[in-house]
Trainee: 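Before I ask anything, let me first share the structure, which is written out below as structure tokens.
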Amino acid sequence: MFFIHDCPYDSQAVEIYEEKCWSWFVSKSHFTSKPLRFGSCCIVSSPSEITVTPKELPFLDKPAEALQPFPEIHAKDVKEELELSLVEKKDGKPIWEAVIRSEDLTPSVSSKKMRIDARFVDQHREELILRVTAVDSILDSLCGPILDSEQYQSVRAERTNPEKMRKLYELVPSWNTDCKEKLYQALNDKHRHLVDELEGK
């Protein structure tokens, strides 16, 4: 059994839930083709034979530390790939798509490392905002994989490095573990001494 979570969530809430259940999250892009609205309802569909519980998925107005509702997806055998799409019930149009591969369903050492990196980004928010100076270079590496053009320009428009980092951190609560891991890698590339110092605390 596994479950997909494509909506914004707090990483600590995910980890606590994951430890209690014999399941794991499959991290895929959380970007949708249009914004999700509170109260909207979506349906998970696939050309493969799957069982989805619940069949309909509401998007609720919940605090960042709480999990959004998620579907449990049961598939008898994923030999190669499993195509999934999220369809808005109101108009029947897909707003999110993902491909699950067999290797995605095997927890690995790398997934544990990603969670540690994501925790670093959350735990050292205040010091990173104050001390990171290579913000523009970090934004360049995040533009595309994590930040869209509008987000990139919005953060770059701030006058000082702390203001840019603070603006960037406004986006972090909506990021999944993979996104935070990429920010960690960018910080590690541009500010290795600072990352080493904070990890040594």
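Treat the numbers as computed from the prediction; the structure is a model and nothing was measured. In what follows, every heavy atom counts, from backbone to side chain, and hydrogens, waters and symmetry copies are set aside.
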Trainee: With sequence neighbours left out, write down each residue that passes side chain to side chain contact (heavy atoms under 4.5 Å, CB included) with Arg192, or none if nothing qualifies.
Mentor: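 Arg192 satisfies side chain to side chain contact (heavy atoms under 4.5 Å, CB included) with Asn188, Asp196 only.
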Trainee: Without placing hydrogens or testing angles, list every side-chain donor-acceptor pair under 3.5 Å for residues 140-150, not counting sequence neighbours.
Mentor:
residue, atom, partner, partner atom, Å
Asp140, OD1, Tyr152, OH, 2.5
Ser141, OG, Ile138, O, 2.7
Asp148, OD1, Glu150, N, 3.2
Asp148, OD1, Gln151, N, 2.7

Trainee: Search all heavy atoms of Thr32 against all heavy atoms of Trp96 and return the closest pair with its distance.
Mentor: CG2-CB, 4.2 Å
Trainee: State which residues pass salt bridge (charged side-chain N to carboxylate O under 4.0 Å, His left out) with Glu56; sequence neighbours excluded, sorted by chain then number.
Mentor: Lys89
Trainee: For residues Val52 and Pro54, report the shortest heavy-atom separation together with the two atoms involved.
Mentor: CG1-O, 3.4 Å
Trainee: Suppose we screen for side-chain hydrogen bond (donor to acceptor under 3.5 Å, both in side chains). Which residues come up paired with Lys167, at least two apart in sequence or across chains?
Mentor: none
Trainee: With no hydrogens and no angle check, is any side-chain donor or acceptor of Ser46 less than 3.5 Å from a backbone partner on Ser48?
Mentor: yes
Trainee: Identify the two heavy atoms, one from Asn161 and one from Thr133, that lie closest to each other, and give their separation to 0.1 Å.
Mentor: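 Scanning both residues, the minimum pair turns out to be ND2-O, 3.2 Å.
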Trainee: Who passes salt bridge (charged side-chain N to carboxylate O under 4.0 Å, His left out) against Lys55, sequence neighbours left out?
Mentor: none
Trainee: Using the side-chain hydrogen bond (donor to acceptor under 3.5 Å, both in side chains) criterion, which residues pair with Ser45? Sequence neighbours excluded.
Mentor: Ser85
Trainee: Using the test side-chain hydrogen bond (donor to acceptor under 3.5 Å, both in side chains), find all partners of Gln185 that sit at least two apart in sequence or belong to another chain.
Mentor: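 Checked Gln185 against side-chain hydrogen bond (donor to acceptor under 3.5 Å, both in side chains); matches are Glu181.
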Trainee: So, using salt bridge (charged side-chain N to carboxylate O under 4.0 Å, His left out) as the criterion, who are the partners of Glu88 when residues are at least two apart?
Mentor: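 Salt bridge (charged side-chain N to carboxylate O under 4.0 Å, His left out) list for Glu88, sorted by chain: Lys34.
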Trainee: State which residues pass side-chain hydrogen bond (donor to acceptor under 3.5 Å, both in side chains) with Glu163; sequence neighbours excluded, sorted by chain then number.
Mentor: Thr160
Trainee: Among all residues two or more places apart in sequence or in another chain, which pass the side chain to side chain contact (heavy atoms under 4.5 Å, CB included) test with Ser33?
Mentor: Ile95
Trainee: Taking only residues two or more places apart in sequence, or in another chain, which ones meet Glu158 in a salt bridge (charged side-chain N to carboxylate O under 4.0 Å, His left out)?
Mentor: none
Trainee: Shortest non-hydrogen contact from Pro173 to Glu170?
Mentor: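 Reported closest heavy-atom pair: CD-O, 3.5 Å.
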Trainee: The criterion is side chain to side chain contact (heavy atoms under 4.5 Å, CB included); which residues satisfy it with Thr53, sequence neighbours excluded?
Mentor: Thr51
Trainee: Would you give the length of the straight line joining atom CD of Glu197 to atom CZ of Arg131, rounded to the nearest 0.5 angstrom?
Mentor: 4.0 Å
Trainee: Relative to each other, are the rings of Phe59 and Phe38 parallel, tilted or perpendicular (30° and 60° limits)?
Mentor: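 If you compare the ring of Phe59 with that of Phe38, the planes turn out parallel.
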